[in-house]
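Structure record follows, encoded as C-alpha cells.
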Amino acid sequence: QRFAWAGAFRRISDGLFYMSHTHLRTATPNDLGALTELERLCFRQDRQSTRESIRRSIESRHQSVFVLESSPSNGRLLGSAVCFRYRETLRIYSISVHPDGRGQGYGDVLLEHALSLAKEMGARKVTLEVDASDQRLMGWYQRHGFQIETHLAHYYGSGAHGYRMQLSLDAGADGPKLNLVVVDTPKKWKLSNDAVEVVSAKSFLTAERFRNSDRYHVLNLCSSYKTH
C-alpha cells in the first residue's frame, strides 16, 4: 500500500468535520491526467501506477477509486484513494495527497471514507500493506485502529520489507450482532433507536452489506418476503 502523508484531522461528535472547501467523489476517466500527475508527485518512480493501471482501476467492477478536490467548481485535485473490494474484505491499495495539501487532514478524510465504504459493503476487515521502514505511517494507521498482522519480506523489492496491517470490522467476533428489521414499507417505521435498522425486503436481498447475514439478528415482518 502506498501513501503520501497527511496530518491529523479534527473530529466532532457526529463524525468527521469535513472542510467546507473540499468535495469527495468517485473518480471518472476524465480524472486520468490529474491522477497520473498525482502519482508522479507523490511516489518514487518504481512505485507509481501507470496511466493504464489507473484507468483499469476506475473501470473495474471490483475496485473503488475516489478523489478529493478543493471544490466542485474548480476541481483542483487534493488527493485520491484506490481500494479493492472482496466479498468480506476491503483492501486499501493506495492513498495519496498532493504535496501542497499535506498537513491539512486530507489523508484522514480519504481513509475514513474507505472505512465507511467497507462498513457499507459489509466487510469483516480492512487490510493494507505498508513499508516496514515507515514508522510514522504505521503509527498513523495504528491510531485508526489497524494492527500489524504479517511481515512481508522483500515486498517492495530486494531488502525493502513491508507489513500487512488489518482493521477488524467483524461485529460477530468482536461485539454484539446488529438488529435488522425487514418490512414492506420502511418509511412508515419511525425508530430513534440506533441499535435497530429497518430495511425493505428488496434492500435486504440485494444490498452487498447484508450478504454476510450472520452478522445480524433479523426480524422479518415483511409479507412480500419470507425467510426459510
Side-chain angles (χ1 to χ4, degrees), residues 1-6 16 18 22-69 72 75-98 101 106-131 134 137-138 140-141 144-146 149-150 152 155-157 162-170 203 206-212 215:
Q1 195 265 340
R2 306 157 319 129
F3 185 90
W5 179 259
L16 282 171
Y18 284 85
T22 63
H23 177 62
L24 189 64
R25 62 173 174 80
T26 301
T28 73
N30 292 333
D31 297 310
L32 271 174
L35 288 171
T36 303
E37 176 64 10
L38 187 65
E39 287 284 316
R40 187 189 68 80
L41 292 171
C42 291
F43 303 110
R44 45 190 270 187
Q45 188 172 8
D46 62 336
R47 297 188 186 180
Q48 292 175 18
S49 293
T50 64
R51 182 185 179 94
E52 177 61 20
S53 175
I54 297 170
R55 182 190 65 77
R56 289 196 301 268
S57 293
I58 292 174
E59 296 177 352
S60 172
R61 294 184 302 165
H62 305 291
Q63 296 185 50
S64 293
V65 183
F66 40 93
V67 297
L68 184 68
E69 54 191 8
R76 178 173 174 269
L77 189 64
L78 301 172
S80 69
V82 180
C83 300
F84 286 76
R85 303 188 312 275
Y86 303 101
R87 181 170 182 178
E88 297 186 347
T89 302
L90 181 80
R91 178 192 172 212
I92 300 175
Y93 171 72
S94 175
I95 294 179
S96 56
V97 174
H98 194 285
Y106 299 141
D108 294 74
V109 175
L110 292 162
L111 178 57
E112 290 292 342
H113 184 72
L115 299 183
S116 295
L117 173 63
K119 293 172 184 176
E120 181 180 333
M121 62 178 268
R124 292 183 180 271
K125 62 184 178 181
V126 180
T127 65
L128 55 87
E129 294 78 37
V130 62
D131 192 321
D134 197 336
L137 180 55
M138 282 189 285
W140 183 73
Y141 280 123
H144 282 273
F146 285 84
E149 290 293 316
T150 308
L152 306 171
Y155 185 80
Y156 294 101
Y163 288 112
R164 177 165 292 113
M165 302 187 73
Q166 176 177 309
L167 172 65
S168 175
L169 302 175
D170 191 346
S203 295
T206 60
E208 191 168 2
R209 65 191 179 103
F210 298 137
R211 291 181 183 177
N212 301 316
R215 300 180 63 217

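In plain terms, the two heavy atoms of Leu110 and Phe66 that are nearest each other are O-CE1, 3.6 Å. When every heavy atom of Tyr106 is checked against every heavy atom of Gly101, the shortest pair comes out as CD1-O, 3.0 Å. Minimum heavy-atom separation, Asp131 to Arg47: OD2-NH1, 3.1 Å. Nearest heavy atoms, Phe43 versus Ser94: CZ-OG, 4.0 Å. For Ser96 against Leu38, the heavy-atom pair with the smallest separation is OG-CD2, 3.2 Å. For the pair Ile54 and Glu39, the tightest heavy-atom approach, listed with the atom from each and the gap, is CD1-CG, 3.8 Å.
Under the salt bridge (Lys or Arg N to Asp or Glu O under 4.0 Å) criterion, Glu149 pairs with no residue, sequence neighbours left out. In this view, Ser64 and Arg85 satisfy the side chain to side chain donor-acceptor pair (under 3.5 Å) rule, not counting sequence neighbours. Contacts of Arg164 classified as salt bridge (Lys or Arg N to Asp or Glu O under 4.0 Å), with partners at least two apart in sequence or in another chain: Glu129. By the side chain to side chain donor-acceptor pair (under 3.5 Å) test, Asn30 is found to be paired with no residue, residues two or more places apart in sequence or in another chain being considered. Scanning for side chain to side chain donor-acceptor pair (under 3.5 Å) contacts around Ser57 gives Gln63, with sequence neighbours left out. Partners of Arg61 under the salt bridge (Lys or Arg N to Asp or Glu O under 4.0 Å) rule, at least two apart in sequence or in another chain, do not exist in this structure. Taking Ala118 as the reference, Leu90, Ala123, Val126, Leu169 meet the side chain to side chain contact (heavy atoms under 4.5 Å, CB included) condition, with sequence neighbours excluded. Applying the side chain to side chain contact (heavy atoms under 4.5 Å, CB included) criterion to Glu52, with sequence neighbours excluded, gives Thr50, Arg55, Arg56. Qualifying side chain to side chain contact (heavy atoms under 4.5 Å, CB included) partners for Ala27, counting only residues two or more places apart in sequence or in other chains: Asp31, Leu35, Ile58, Val65, Val67.
The line from CZ of Arg124 to CZ of Arg87 is 9.5 Å long, rounded to the nearest 0.5 Å. Atoms CG and NE2, on Leu78 and His98 in that order, are 8.5 Å from each other to the nearest 0.5 Å. Separation of atoms CZ (Arg51) and CZ (Arg40) is listed at 14.0 Å; rounding is to 0.5 Å. One distance of note links CZ of Arg25 with CD of Glu69; it measures 4.0 Å at 0.5 Å rounding. In this structure, OH on Tyr163 lies 15.0 Å from OH on Tyr155, to the nearest 0.5 angstrom. Rounding to the nearest 0.5 Å places CD1 of Ile95 at 11.5 Å from SG of Cys42.
Looking at Leu167 and Leu115, their side chains come closer than 4.5 Å, going by heavy atoms from C-beta outward. In this structure, Leu111 and Tyr141 have side chains that are in contact, with non-hydrogen atoms separated by less than 4.5 Å. At a threshold of 4.5 Å between non-hydrogen side-chain atoms, the residues His144 and Asp108 count as touching.
Annotation: cation-pi pair Arg91/Tyr86 absent, no NZ/CZ under 6.0 Å from the ring centroid and within 45° of its normal.
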